[in-house]
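Here is the structure we will look at.
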Amino acid sequence: MKYFFLSEGWTIGRVWASEGLWQVTAWRRQPDIQKMSLCLIEKEESLWLYRVEDAIITIEVKPVDSLQAANTQTIGQVTLKRLISAEQVLERLGNAQAQCMMQNLQTVVQ
C-alpha cells in the first residue's frame, strides 16, 4: 500500500498506473483509493490520510469547487508523484507540529 495526505476541500481526479492513465475498462474496476479516518491539522488546515493500492503511481488532485477555484487565486490542479509508505506516514505523524484527529475511533479499537 501507498499513502498520501490531501487537504480538506480537494478531491481526486485522474489516476495513473505504470501502464499509463487508469482505464476502468482495461482493469475492469475502479482504482482502490480509500480515505482513512485519520487527519492532521496544521495551521488550521485539515490534511486527510488516503491509502491507495501499489499499482497506482500518480494521482491528480483538484479543488472540490472548481468554480470557486477559478474565481480565486487557488491552484487549479496538482499531480502527486511521490506517494509515501506506511513508515513515512508514521514518521510524519511522529514529527508533526500538528494535531492528529481520528474521525471514527471505534474502527481502530475493534
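The figures here come from the full heavy-atom set of this structure, side chains too, leaving out hydrogens, waters and symmetry mates. Numbers here simply count residues along the sequence, with the first being 1. All of these numbers come straight from a predicted model, not from anything done at the bench.
With salt bridges taken as basic N to acidic carboxylate O contacts below 4.0 Å, one links Arg29 and Glu53. Taking the charged nitrogens against the carboxylate oxygens, Arg92 and Glu42 do have a contact shorter than 4.0 Å, which makes a salt bridge.
Side-chain contact between Trp10 and Val78 is present, with heavy atoms from C-beta onward closer than 4.5 Å. Annotation: side chain of Thr58 is not in contact with side chain of Leu80 (no heavy-atom distance under 4.5 Å). Side-chain contact between Val61 and Gln77 is absent, with no heavy-atom pair separated by less than 4.5 Å. A 4.5 Å side-chain heavy-atom check between Asp32 and Met1 finds at least one atom pair inside the cut-off. Leu83 places none of its side-chain heavy atoms less than 4.5 Å from the side chain of Tyr50. Proximity of Lys2 to Ile56: side-chain heavy atoms (C-beta onward) are nowhere separated by under 4.5 Å. Ile84 is listed as a side-chain neighbour of Phe5, based on a closest heavy-atom distance under 4.5 Å. Side-chain contact between Ile57 and Lys81: absent, with no pair of heavy atoms (C-beta onward) separated by less than 4.5 Å.
Under the 4.5 Å side-chain heavy-atom criterion for Ile, Leu, Val, Met, Phe, Trp and Tyr, Leu90 and Ile41 are members of distinct hydrophobic clusters. Linking Ile, Leu, Val, Met, Phe, Trp and Tyr residues whenever their side-chain heavy atoms come within less than 4.5 Å places Leu93 and Leu49 in a single cluster. Trp27 is connected to Ile33 through a chain of hydrophobic side-chain contacts under 4.5 Å among Ile, Leu, Val, Met, Phe, Trp and Tyr, so both are in one cluster. Taken together through direct or relayed side-chain contacts under 4.5 Å among Ile, Leu, Val, Met, Phe, Trp and Tyr, Val15 and Val24 form part of one hydrophobic cluster.
Scanning all heavy atoms of the two residues, the minimum distance from Pro63 to Thr11 falls at O-CG2, 4.3 Å. Residues Ser85 and Tyr3 come closest through the heavy atom pair C-CD1, 3.9 Å.
Remark: the Glu60 side chain and the Thr79 side chain contain no N/O donor-acceptor pair separated by less than 3.5 Å.
Annotation: the span from Leu6 atom CG to Ile12 atom CD1 amounts to 6.5 Å, rounded to 0.5 Å. Between the OG atom in Ser7 and the CH2 atom in Trp48 there is a gap of 11.5 Å [rounded to 0.5 Å].
With hydrogens and angles disregarded, no donor-acceptor distance shorter than 3.5 Å links the side chain of Lys62 to the backbone of Gly13.
Between Trp16 and Trp22, the distance separating the two ring centers is not shorter than 6.0 angstrom.
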